[in-house]
There are 2 protein chains.
Amino acid sequence: MARRKQSVTIKHVAADAGVSLQTVSRVINKEPNVRPVMRERVQASIEKLGYVPSIAAQRMSGSRSYLIMALNDRERTIADWRKREGTDWVDQMLLGGMLKCAEHGYRLIVELIDTHSDHIERELLGAIAALQPDGVILTPPHSQNQRVIELLRKHQISVARIGSLDGGPGLRFTMDDERAARLASEHLLQLGHRRIGFIAGSPEYELSAWRIDGWRAAMRAAGCADAGLCEESDFSFESGRRAARALLGGRQPTTAIIASNDQTALAVMDVAREMELSIPDDLSLVSFDDTPLVRFGDPALTAIAQPIAEVTAQAVAAIIEDRKTQSELDRTVVVPAGLIPRQSTAPPRNG
Amino acid sequence: MARRKQSVTIKHVAADAGVSLQTVSRVINKEPNVRPVMRERVQASIEKLGYVPSIAAQRMSGSRSYLIMALNDRERTIADWRKREGTDWVDQMLLGGMLKCAEHGYRLIVELIDTHSDHIERELLGAIAALQPDGVILTPPHSQNQRVIELLRKHQISVARIGSLDGGPGLRFTMDDERAARLASEHLLQLGHRRIGFIAGSPEYELSAWRIDGWRAAMRAAGCADAGLCEESDFSFESGRRAARALLGGRQPTTAIIASNDQTALAVMDVAREMELSIPDDLSLVSFDDTPLVRFGDPALTAIAQPIAEVTAQAVAAIIEDRKTQSELDRTVVVPAGLIPRQSTAPPRNG
DNA sequence: ATGAAAGCGCTAACAC
DNA sequence: GTGTTAGCGCTTTCAT
């Protein structure tokens, strides 16, 4: 197969503008030490010839690949895609990430890695070797995986971690899950609920603990007991059902439940239906994911809206900035999630 | 900034195996003219060192970039992502496309291009120059854009077109929209409907006409009049409402409607609600998209399920095959969409 | 069947 | 400020 060559290269531009390759390169990369006259002349040639640098070539010689990898848990992501229930985590990452990337001539590329695999390092190394991304955006649970973080650092790849604060210095992003859980709890407390159950997410996720903290803080601030009102889940529908039955089945059933994601929230609705509990009359419900099923279901659920697009956009921006900066960035960025009240929360019956 | 180098390169493997670079390259690319002994020796070194070729370097020298671009309409895609109503077209493309790519060491990269822009060629040229993809998967309406197809052909990029048959030779994929529309119509005819309205999609889309054809064929085969029963839309909710009002507002309202996508189907539900028509008692409804809102709404809609993941997987496979083959491929692949009966279709009241 | 050499498009380092 | 040189990791071509 014939060698496929670039139609317009930096050489063409250099020839057309009557300057050296290096000057063109400097203009492309917005480097200093180019007279405005030259700069304009080169820019004109670029426009005229419709020149766009090859990112492969840029990567080969320079330090940048103009590629940012969005790393997601393979199993969960594929399961969501297959289920087709509208979970749009990846879409929101693309929305925020791709657009921000485009502003800077970068591309976002989605990559799936097994979380529980022994050879997670091998998998990741493969992706790194193949793509050589300038940066990686880690989502839970990868964002708290020390082996992953270490590996990326060793390869001098900028890392933005979403939903994890442990794990050393770097770029950390949270949606302030603790505050979000507090908001949800306070919303229910204000409606008059006292026995508010909490379905925690998988303990493998750092943010699961934050959410419990927020709920517990709110409960205690209001003088409510929280003992026995927190049930664990693994974010799955089935584990949500188990948790819901535990919270609703006892002698003192909760009058409200906060579920750590959409699946467990739907599970609560399912159990409530079985028990002939009406939402919100007999039971109030808050979902920690604002997915389509949650928003457009009957009743529409009060939910925590996580600004995933915004967080991803900021993560991309931070990575690009990190590339330019000499010193390694070390900061935490908070893009708070908000509460959207809908029809699933109301005062308790005997409130 | 320091030059960031590959940790394990083909050189390391060659040294470790005691062979030339060339032999390693041959093994990587599964080329002939390597003795089994050598091949195994090299494979062992690759495994041992965890070597993975750099796709940037592969692209620089060879003819392949191991990148496949999935091109989507920018405006529509971003609108869907922002609306957050669960449209999962891109997700399904990723599901089918990424996994198939992974099998062959390829990556799928999503790219958004304006459809109505004058400088669509410039945009596309930019993406081509930057990424130099081996292949591009075109979705409607790009898949029928002659300028786009021409441009890609000129750059020797394999093209797989989904949802377009016009536009010359190449790899064409359809979900047999005509048959799908026929299935939907026959389903309603069998239930006893005679006045079945059809909300067509945007006439800019080739497949909109196919669907009309399928519906019309079924109607005529059943001896039903179809005059005045087809209303145009642009796939938007508002245009769906207009179409629904036209079909339901006259003296002889239709007893069933087939809507060309989820938005127009939801619009029909909206209008039906306003007119106090019950679905399916007063009106049967079929949606041409099987999105979450359609599946989990109340009532759950009878829908055409489009195998987007499967089509994309096949498109990826065809592109990769096309790269290997000398002769250019020219064929049409049909991955038929199916009908999923749900609660929105029933015999007409006076049927 | 295997190896050596040239070059893809670009940038870092250094000269001027 | 600007140009020159070397080389990134790999594949192609050609020689052996």
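In what follows, chains are A, B, ... by sequence order, proteins preceding strands, each numbered from 1. If you're wondering where the values come from, they're calculated on a predicted model, not measured in any experiment.
- A straight line from NZ of A/K5 to P of C/dC8 spans 6 Å, rounded to a whole angstrom.
- Each ring pair (Phe, Tyr, Trp, His ring centres under 6.0 Å) pair with one or both residues in residues 148-172 of chain A, not counting sequence neighbours, would appear here, but there are none.
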Quick one: which protein N/O atoms are closer than 3.5 Å to N/O atoms of nucleotides 3-5 of chain D? Pair and distance per line, please.
residue	atom	partner	partner atom	Å
D/dG3	OP2	A/S20	N	3.1
D/dG3	OP2	A/S20	OG	2.9
D/dG3	OP2	A/T23	OG1	2.6
D/dG3	O6	A/R26	NH2	2.7

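- In this structure, the CD atom of B/Q132 is 13 Å from the P atom of C/dC8, given to the nearest Å.
- Contact annotation: the side chain of B/L152 approaches that of B/L138 to within less than 4.5 Å [non-hydrogen atoms, C-beta and beyond].
- Within residues 28-35 of chain B, the residues having any heavy atom under 4.0 Å from DNA chain C are, by residue number, B/N33, B/V34, B/R35.
- From one end of the helix from C/dA1-D/dT16 to C/dC16-D/dG1 to the other, with five pairs defining each end axis, the axis direction shifts by 30° (rounded to 10°).
- Judged by distance alone, the side chains of A/N72 and A/T139 do bring a donor and an acceptor atom under 3.5 Å apart.
- One atom, CZ of A/R39, and another, C1' of D/dT2, lie 13 Å apart when rounded to the nearest Å.
- C/dA6 atom C1' lies 14 Å from atom CE of A/M60, rounded to whole Å.
- Taking the side chain as every heavy atom from C-beta outward, A/I113 and A/D73 never approach each other to under 4.5 Å.
- A/E204 is linked by a salt bridge (Lys or Arg N to Asp or Glu O under 4.0 Å) to nothing, counting only residues two or more places apart in sequence or in another chain.
- When the side-chain contact (heavy atoms from CB on, under 4.5 Å) test is applied to A/V34, the partners found at least two apart in sequence or on another chain are A/T23, A/R26, A/V27, A/M38, A/R39.
- Here D/dC8 presents its P atom at 11 Å from NE2 of B/H12, a figure rounded to the nearest Å.
- Take B/E123 and apply the salt bridge (Lys or Arg N to Asp or Glu O under 4.0 Å) test, not counting sequence neighbours, and it matches B/R74.
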Could you list the donor-acceptor pairs under 3.5 angstrom formed between side-chain atoms of residues 125-137 of chain B and any protein atom two or more places apart in sequence or on another chain?
residue	atom	partner	partner atom	Å
B/Q132	OE1	B/R59	NH2	3.2
B/Q132	NE2	A/S54	OG	3.3
B/D134	OD1	A/R4	NH2	3.1
B/D134	OD1	B/S65	N	2.7
B/D134	OD1	B/S65	OG	3.1
B/D134	OD2	B/S65	N	3.1
B/D134	OD2	B/Y66	N	3.0
B/D134	OD2	B/Y106	OH	3.4

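- Regarding B/R59, its CZ atom lies at a distance of 11 Å from the P atom of D/dT12, rounded to whole Å.
- Between B/I10 atom CD1 and C/dG3 atom P the separation is 12 Å, expressed in whole Å.
- If you check residues 47-58 of chain A against DNA chain C, the residues with a heavy atom closer than 4.0 Å are A/Y51, A/P53, A/S54, A/A57, A/Q58, listed by number.
- Using a 4.5 Å heavy-atom cutoff, the side chains of B/V333 and B/L171 are not in contact.
- B/A70 and B/M93 get closest at one heavy-atom pair: CB-CE, 4.0 Å.
- Among residue pairs with one or both ends in residues 150-168 of chain B, those qualifying as salt bridge (Lys or Arg N to Asp or Glu O under 4.0 Å) are B/R153-B/E328; sequence neighbours excluded.
- A search for salt bridge (Lys or Arg N to Asp or Glu O under 4.0 Å) contacts involving A/E103 returns A/K100, not counting sequence neighbours.
- At a cut-off of 3.5 angstrom, the base of C/dC10 holds at least one donor-acceptor pair with the side chain of A/S61.
- Scored by the salt bridge (Lys or Arg N to Asp or Glu O under 4.0 Å) test, A/D88 finds B/R84 as partners (sequence neighbours excluded).
- Of the charged side-chain nitrogens involved, at least one lies within less than 4.0 Å of a carboxylate oxygen, so that A/R331 and A/E321 count as a salt-bridged pair.
- Atoms OH (B/Y66) and P (C/dC8) sit 20 Å apart, rounded to a whole Å.
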